[in-house]
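See structure below.
The sequence lines fix the lettering, A, B, ..., with proteins before strands; numbering per chain opens at 1.
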Number of protein chains: 2
Amino acid sequence: MSQPLKFYFDFLNQSSRALYILLEASEIPFEAIPISMLKGEHLTGEFRDNVNRFRKLPAITDHGYQLSENVAIFRHLAREKLVPEHWYPRRHLGRSRIDEYLAWQQTNMGVATTDYFQQKWLVPYLQKTRPADNAVNLASKQLEHTLKEFEQLFLNSRKFMMGDNISYADLSAICEIDQPKSIGYNAFQNHNKLARWYETVREELGPHYKEVLGEFEAKLKGSGSGQQQGVAQAVKQ
Amino acid sequence: MSQPLKFYFDFLNQSSRALYILLEASEIPFEAIPISMLKGEHLTGEFRDNVNRFRKLPAITDHGYQLSENVAIFRHLAREKLVPEHWYPRRHLGRSRIDEYLAWQQTNMGVATTDYFQQKWLVPYLQKTRPADNAVNLASKQLEHTLKEFEQLFLNSRKFMMGDNISYADLSAICEIDQPKSIGYNAFQNHNKLARWYETVREELGPHYKEVLGEFEAKLKGSGSGQQQGVAQAVKQ
């Protein structure tokens with residue numbers, strides 16, 4: 001009678017993608033429940049009242065226990081489920097390093113990628129207008145500064161951020177960078193180290209990542225035919 | 001030959017106060033190294049080059065290992081040192097709940113209290129001007145909204161945020177609220193539940209909290225005569 005974890009998500013959101021990929025790659029059984037942010041489904045009704053009082057995505061319920069916030073859900077999974085060690089390694093204080101990155105991401109990378117995405121895609125989409133040049137330029141500058149800091153602070157000569165093995169820091173970061181990249185931002189100009197790291201992470205994540213990114217990009221093109229169906233199609237390809 | 005943890009802090013910063021109190025209350029041996037943010041000591045020299053590449057406070061070095069970010073340092077202490085269980089309880093998924101609050105705090109409470117503090121105190125102090133009314137009003141509105149959300153989302157009929165025992169969520173939150181409160185903001189108007197919770201947490205934290213808050217308020221009045229000396233005085237009172 002074990003109830004599977006319920007995962008509420010929207011692939012338009014970078015943290016939803018990162019956690020979805022982690023769940024799949026870790027082979028944690030879960031029920032995938034797509035929620036449309038564009039339709040405001042996370043703000044009203046069943047979701048607000050019974051799933052997530054924060055009205056935010058991603059969210060989980062685990063045995064009736066509701067939880068919000070990317071980093072809190074990630075740590076909950078690491079504690080309560082069988083998540084392979086390399087995603088959040090204890091060795092060499094790896095967990096402290098990953099915690100440090102995730103905190104930095106929340107107030108730096110996450111703000112910059114979200115702001116660019118909103119100005120360039122979300123606001124024009126919702127208001128049926130062209131992007132406002134000034135706002136996009138400002139967001140571009142902030143994003144460029146953040147990508148440079150990311151490269152300097154977190155990338156080095158090793159394969160992944162924490163060394164030879166991929167961790168949740170890499171997975172979370174690549175999903176952040178896809179947010180502007182998938183709507184045309186050239187994230188790699190003047191960032192060779194970033195480009196090499198991105199390619200290595202993409203290769204390592206393999207089909208789980210490809211499938212979710214494909215679904216995200218289909219949604220951007222307006223050709224997504226509902227997330228669950230879309231994912232099912234992507235899996236078959 | 002065990003080297004004590006080095007803790008770099010400025011009591012003007014809310015996370016510095018929270019971690020300092022946690023270290024003291026947990027009786028973790030540490031070397032307290034005050035860094036003056038007003039003098040820009042965190043941006044240059046020894047600190048930037050050898051202590052903290054993020055140029056941020058608070059920071060630690062533990063056996064030569066540098067770490068930044070309030071939430072990352074907190075979890076590092078919980079893993080590597082003897083922090084009493086009630087600060088980060090495993091029972092009833094308490095850690096997941098605390099993680100959720102700390103993530104919310106980082107993008108909500110922390111932004112609102114810092115913004116108010118900057119507009120009302122820091123910018124006028126550095127520029128030797130009066131606070132800009134418009135900016136302060138805007139920051140007040142944001143803060144008021146955030147305090148209301150905090151009350152609704154995280155406070156309930158129990159003594160502390162996680163139940164009968166104080167946790168790092170309470171400690172971190174009270175230090176956030178002191179940021180505007182100590183420069184004259186009435187945080188309790190229309191917030192009876194918040195006022196009751198604040199009083200309970202203050203009482204529970206006892207002298208460690210009182211000493212650090214006293215030092216913070218002395219710095220605000222410009223009467224702080226160096227942090228270490230000031231703390232020593234506060235301890236004697």
* Provide the closest heavy-atom pair for H92(A) versus Y65(B) in the form atom of the first, atom of the second, distance. =>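 Heavy-atom minimum between the residues: O-CE1, 4.5 Å.
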Above 12 or not: heavy atoms from other molecules or residues under 6.0 Å from [atom1] of [X]?
X	atom1	value
Y125(A)	OH	no
K6(B)	NZ	no
R55(B)	CZ	no
R79(B)	CZ	yes
E27(A)	CD	no
K141(B)	NZ	no

* Asked: CG of D62(A) to CG of L93(B): how many Å apart, nearest 0.5 Å?
  ->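 These two atoms lie 7.5 Å from each other.
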* R95(B) portion near chain A, given a 4.5 angstrom heavy-atom threshold ->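 Both backbone and side chain.
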* Looking at residues at least two apart in the chain, or sitting in another chain, which of them share a side-chain contact (heavy atoms from CB on, under 4.5 Å) with L82(B)? ->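 For L82(B), no residue satisfies side-chain contact (heavy atoms from CB on, under 4.5 Å) once neighbours in sequence are set aside.
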Which residues in [range] have a heavy atom less than 4.5 Å from any heavy atom of chain A?
range	answer
residues 145-159 of chain B	L153(B), F154(B)
residues 69-77 of chain B	E69(B), V71(B), A72(B), R75(B), H76(B)
residues 96-114 of chain B	S96(B), R97(B), D99(B), E100(B), A103(B), W104(B), Q106(B), T107(B)

